[in-house]
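Just the heavy atoms: all of them, side chains too, but no hydrogens, waters or symmetry mates, feed the values below.
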Amino acid sequence: MKSVTFFLFLICSLTFADPIWQADFQNHGELDWKIIRKNPADSFTVGNGILEAVCSNLGKKQNTGSLYETELPDVERGSLFFEVLPNAKGSATQNYNHFSLMIRFHGRLVSLRPHWWTYYHVKSGTRKLAGIPSGEWLSFKIDFDKKAKTIAYYYKDMDTPVFIENNVEFSGPVKFQFGNYGLTNGVVVNHIRNVRLEPMQITRKKERDGAII
């Protein structure tokens with residue numbers, strides 16, 4: 001009986017682990033992360049637990065929007081969670097038909113555009129990670145394991161990855177970025193919440209169904 005009780009306690013401890021780091025979007029004002037790039041037409045403001053990213057076009061060139069960065073605690077294995085409501089204000093389709101919100105982590109770029117969550121890395125190229133609906137909050141997770149040299153990407157189902165990257169070379173501090181890719185046709189507002197880094201769950205299902213490169 002004691003062994004069963006201990007096992008249940010262990011499972012609960014792993015399932016409800018305290019975050020290693022969590023973004024603070026409570027106080028109203030501009031996102032207080034380091035500004036890497038500034039587009040005067042953009043705004044990244046926080047309040048009531050939500051980051052509102054107003055993403056605008058500047059010359060129809062990529063990497064021309066605002067970019068904010070924060071440094072995360074350096075851990076061997078972790079899970080980065082975040083939720084996004086793309087096009088929260090329901091901009092017209094002709095405005096929102098290119099990359100709007102970009103998220104950069106460990107040198108990888110994951111972006112949200114109409115109907116798709118996409119991935120880019122200079123060596124691996126571009127790929128579509130998952131189709132996404134409009135008008136609702138979307139849940140994402142990125143697992144990384146420095147020793148195993150893997151990064152796994154999850155959408156909705158947090159047990160089965162949509163993409164697994166192997167032989168990843170990790171280097172330097174862990175930097176996490178939110179930004180505007182700069183390729184909207186007009187103004188698109190994205191909402192972000194519940195951004196946190198947690199210990200990787202060792203009880204999660206095997207990634208046997210994930211795509212591997």
Minimum side-chain heavy-atom gap Pro86-Leu138 below 4.5 Å: yes
Distance col, row Met102:CE vs Ser111:OG, nearest 0.5 angstrom, shows 7.5 Å
Does any non-hydrogen side-chain atom of Trp21 lie less than 4.5 Å from one of Val195? yes
Glu165 side chain near Arg108 side chain, heavy-atom distance below 4.5 Å: yes
Please check: side-chain N/O of Thr64 versus main-chain N/O of Lys61, any donor-acceptor pairing under 3.5 Å? yes
State, with a plain yes or no, whether a side-chain heavy atom of Gln62 is found less than 4.5 Å away from one of Phe99. no
Tell me whether the rings of Phe176 and Phe82 are parallel (<30°), tilted (30 to 60°) or perpendicular (>60°). tilted
Which pair of non-hydrogen atoms, one from Ser91 and one from Val187, has the smallest distance, and what is that distance? OG-O, 2.9 Å
Value for CG (Asp24) from CG (Leu51), rounded to nearest 0.5 Å, stands at 11.5 Å
Where is the tightest heavy-atom contact between Asn39 and Ser66, given as atom of each residue plus distance? N-OG, 2.9 Å
Any chance you could measure Ile50, atom CD1, to Thr45, atom OG1, to the nearest 0.5 Å? 10.5 Å
Side chains of residues 25-33: which donor-acceptor pairs under 3.5 Å do they make with residues two or more places apart or in other chains?
| residue | atom | partner | partner atom | Å |
| --- | --- | --- | --- | --- |
| His28 | NE2 | Asn48 | OD1 | 3.4 |
| Glu30 | OE2 | Lys38 | NZ | 3.4 |
| Glu30 | OE2 | Tyr68 | OH | 3.0 |

Keeping Ser79 on the side-chain end and Asp143 on the backbone end, is there a donor-acceptor pair under 3.5 Å? no
Give a yes-or-no answer on whether the side chains of Gln94 and Asn185 include a donor-acceptor pair shorter than 3.5 Å. no
With no hydrogens and no angle check, is any side-chain donor or acceptor of Arg37 less than 3.5 Å from a backbone partner on Gly65? yes
Closest non-hydrogen atom pair between Trp137 and Glu83, with its separation: CZ3-O, 3.7 Å
Hphob cluster co-occupancy, Phe140 + Leu109, side-chain heavy atoms under 4.5 angstrom: no
Any link between Ile35 and Leu72 through a network of hydrophobic side chains (Ile, Leu, Val, Met, Phe, Trp, Tyr) touching at under 4.5 Å? yes
For residues His106 and Ile142, determine if any side-chain heavy atom of one lies less than 4.5 Å from a side-chain heavy atom of the other. no
Val122 with Leu129, same ILVMFWY side-chain cluster at under 4.5 Å: no
Hey, does the side chain of Asn57 reach the backbone of Thr184 with a donor-acceptor pair shorter than 3.5 angstrom? yes
State whether Phe81 and Arg196 meet the cation-pi test: NZ (Lys) or CZ (Arg) under 6.0 Å from the six-membered ring centroid, and within 45° of the perpendicular axis. yes
Any Lys/Arg nitrogen of Asp74 or Lys146 sitting under 4.0 Å from an Asp/Glu carboxylate oxygen of the other? yes
What pair of heavy atoms forms the shortest contact from Arg113 to Tyr96, and how long is it? C-OH, 3.4 Å
Got Glu198 and Lys141 here, is their nearest side-chain heavy-atom distance under 4.5 Å? no
Which pair of heavy atoms, one from Ala53 and one from Ile192, lies closest together, and at what distance? CB-CD1, 4.1 Å
Honestly curious: do Val75 and Val168 fall in one hydrophobic cluster under the side-chain, below-4.5 Å linking rule? yes
With rounding to the nearest 0.5 Å, note down the distance linking CG in Leu80 to CD1 in Ile151. 10.5 Å
Could you check whether the rings of Phe170 and Phe144 sit parallel, tilted or perpendicular, using 30° and 60° as the cut-offs? tilted
Side chain to side chain contact (heavy atoms under 4.5 Å, CB included) assessment of Tyr155 paired with Ile132: CA-CA 9 Å; Tyr155 163 62; Ile132 57 175; 3.8 Å; yes
Single-linkage hydrophobic cluster, 4.5 Å side-chain cutoff, Val162 and Val84 together: yes
Can you tell if the side chain of Val110 reaches within under 4.5 Å of the side chain of Phe105, non-hydrogen atoms only? no
Establish, yes or no, whether a centroid distance under 6.0 Å links the rings of Phe44 and Phe178. no
Which pair of heavy atoms, one from Asp42 and one from Ser56, lies closest together, and at what distance? OD1-N, 2.7 Å
For a 4.5 angstrom cut-off between non-hydrogen side-chain atoms, does Leu112 reach Trp117? yes
Could you measure the distance from the CG atom of Asn190 to the CG atom of Leu85? Nearest 0.5 Å is fine. 8.0 Å
First locate atom NE2 of His98, then atom NZ of Lys60, and finally report the distance between them rounded to the nearest 0.5 Å. 7.0 Å
